[in-house]
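Some notes on the structure that comes next.
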Amino acid sequence: MSMWRSNMPTYRYRCAKCGETFEHVEHVAEHQTVHLRCPKCGSEALQHQPTQFFAKTSKKS
C-alpha cells in the first residue's frame with residue numbers, strides 16, 4: 001500500500017442482504033460516488049457503518 005493511501009479514511013459497510021461487514025479505504029471525495037458490492041454475496045444494498053477516527057495534524061499544540 002502506498003503512503004498516500006494509508007492516510008485515507010477507512011469506511012465500514014454492512015450488507016443489508018447477507019449481514020457481511022467489511023472495510024474499504026477511499027478518498028473523502030470518492031466516498032459519495034463509489035459503487036461497492038458486498039464481497040460475500042455481491043449485493044449493492046450496503047449501509048455505511050459509523051467508525052471512530054482521529055485527526056492527525058502536523059502542528060504541535
Side-chain angles (χ1 to χ4, degrees):
M1 180 179 276
S2 68
M3 181 58 117
W4 68 271
R5 290 285 288 180
S6 66
N7 293 328
M8 294 173 57
T10 301
Y11 293 92
R12 179 172 291 178
Y13 295 92
R14 181 181 180 280
C15 177
K17 185 175 179 180
C18 73
E20 177 78 1
T21 58
F22 64 95
E23 294 182 344
H24 185 257
V25 177
E26 56 200 52
H27 191 275
V28 174
E30 180 186 23
H31 180 64
Q32 296 297 321
T33 60
V34 70
H35 297 286
L36 299 175
R37 290 183 177 266
C38 174
K40 185 175 180 181
C41 72
S43 173
E44 293 182 344
L46 303 175
Q47 301 167 335
H48 178 251
Q49 301 289 295
T51 56
Q52 294 181 359
F53 71 94
F54 66 93
K56 182 177 178 182
T57 64
S58 60
K59 294 183 179 182
K60 292 184 179 181
S61 312

Show me the side-chain donor-acceptor pairs of residues 35-42 shorter than 3.5 Å, one per line, residues at least two apart or across chains.
from	atom 1	to	atom 2	distance (Å)
H35	NE2	T33	O	3.3
R37	NH1	G42	O	3.0
R37	NH2	E44	OE2	3.1

For Y13, give me all partners under side chain to side chain donor-acceptor pair (under 3.5 Å), at least two apart in sequence or on another chain.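 E26, H31.
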Mind checking what makes side chain to side chain donor-acceptor pair (under 3.5 Å) contact with E23, not counting sequence neighbours?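 Listed in chain order: R12.
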